[in-house]
Amino acid sequence: MKDILLILLLQLIYVPVLTLRTIFLVKGLSVSAALFGFLEAIIYVFGLSLVFSGDQSTLSMIVYAVGFGIGILIGSYVENRLAIGYTTLVVNLTNKNKLLINRLREEGFGVTVFQGEGRDSERYHLDILTKRNREPELMDLIEHYEPSAFIISYEARRFKGGFLLNSMKKAKHKKSNIL
């Protein structure tokens, strides 16, 4: 029974580590991905050795698979809580909502506004780049001011310049002056 619990525990650690390694790799954080990969490999080999040692019971194999499934849920939760990276929101509005635009800028979001032609009328298109951990806050603000807005969210992999980068540099400079 001790081995069964250990197999479950290892899977509950292994799969979130695998998830984080994959995320770090996709986001170009190679050193972090390599460290998580090392940890992942050790846990994987040890867990499999427990499953395939001794009598190779069906129960240990089922527990291994159940642990994998639960580990995916845990890994997904951890990744969402970390919210590593950036996201771009494309917001389409029927009216140029200056209250929304000003509020977004007051809250530190960089907003670029475009005017376009929709099927039936003019449309206003907002491009907003933000850290992923601020996406829910941004969505709530937009929903509050423009409940009928059409919103698309994309993961921003690379960017250069702009409001967000400048504000991040200013914040970093202020922090280093304080220290």
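By convention here, the first residue in the shown sequence is residue 1.
R134 contributes atom CZ, which lies 12.0 Å from atom CG of D140 (distance to the nearest 0.5 angstrom). For the atom pair CZ (R105) and NZ (K98), the distance works out to 9.5 Å, reported to the nearest 0.5 Å. Here CD1 of I128 is found 10.0 Å from CE of M139. Values are rounded to the nearest 0.5 Å. From I4, atom CD1 reaches atom CE of M61 across 10.0 Å, with rounding to the nearest 0.5 Å. In this structure, the separation between CG on L89 and CG on D127 is 9.5 Å, given to the nearest 0.5 Å. Atom OG1 of T130 sits about 10.0 Å away from atom CG of L104, to the nearest 0.5 Å.
Checked options I7, L8, L6; the residue passing with L10 is L6 (criterion: side chain to side chain contact (heavy atoms under 4.5 Å, CB included)). Each of T94, N92, N95, N97 was checked for a side-chain hydrogen bond (donor to acceptor under 3.5 Å, both in side chains) with E146, and the lone residue meeting it is N97.
Among residues two or more places apart in sequence or in another chain, the side chain to side chain donor-acceptor pair (under 3.5 Å) test is passed with E117 by none. In this structure E122 satisfies the salt bridge (Lys or Arg N to Asp or Glu O under 4.0 Å) test with no other residue, sequence neighbours excluded. E143 pairs by the side chain to side chain donor-acceptor pair (under 3.5 Å) definition with nothing, not counting sequence neighbours.
When all heavy atoms are compared, the tightest approach of V15 to F68 is CG2-CD1, 3.4 Å. A pairwise comparison of heavy atoms in L12 and G67 identifies CD2-O, 3.8 Å as the closest pair.
Note: the hydrophobic cluster containing L129 does not contain F114 (ILVMFWY, side chain heavy atoms under 4.5 Å, direct or indirect links). If you chain together hydrophobic residues whose side chains sit under 4.5 Å apart, V66 and L5 never meet in one group. Placement of L50 and L9 within a single hydrophobic cluster is found when ILVMFWY residues are connected by side-chain heavy-atom separations under 4.5 Å, directly or transitively. Both L48 and I70 belong to a single network of hydrophobic side chains, linked directly or stepwise wherever heavy atoms of I, L, V, M, F, W or Y lie under 4.5 Å apart. Two different hydrophobic clusters hold L18 and L73 under the rule that ILVMFWY side chains link at heavy-atom gaps under 4.5 Å.
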Run the side-chain contact (heavy atoms from CB on, under 4.5 Å) check on I151 and I142 step by step: do they pass? CA-CA 9 Å; I151 305 169; I142 295 167; 3.6 Å; yes

For Y124 and I101, what are the C-alpha separation, side-chain angles and deciding distance, and is it a side-chain contact (heavy atoms from CB on, under 4.5 Å)? CA-CA 11 Å; Y124 293 89; I101 294 165; over 6 Å; no

Given the rule in the side-chain contact (heavy atoms from CB on, under 4.5 Å) test, do T19 and I72 qualify, once you have shown the distances and angles that lead to the verdict? CA-CA 8 Å; T19 302; I72 288 173; 5.6 Å; no

Please assess I23 against L82 for the test side-chain contact (heavy atoms from CB on, under 4.5 Å), listing each intermediate value before the final yes or no. CA-CA 11 Å; I23 303 260; L82 291 175; over 6 Å; no

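For the pair H144/R103, no side-chain contact is recorded, criterion being any heavy-atom separation below 4.5 Å from C-beta on. Between K27 and E155 there is a side-chain heavy-atom pair separated by less than 4.5 Å.
Sequence neighbours left out, the pairs with a member in residues 64-82 that pass side-chain hydrogen bond (donor to acceptor under 3.5 Å, both in side chains) are E79-R132.
Here F150 sits in one hydrophobic cluster together with V90, I152, Y154; the rule is ILVMFWY side chains under 4.5 Å apart, joined directly or through other members.
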Using distance only, find each side-chain donor-acceptor pair of residues 30-47 under 3.5 Å and give its atom names and separation, not counting sequence neighbours.
{"unit_1": "E40", "atom_1": "OE1", "unit_2": "R21", "atom_2": "NE", "d": "2.6"}
{"unit_1": "E40", "atom_1": "OE1", "unit_2": "R21", "atom_2": "NH2", "d": "3.3"}
{"unit_1": "E40", "atom_1": "OE2", "unit_2": "R21", "atom_2": "NH2", "d": "3.1"}

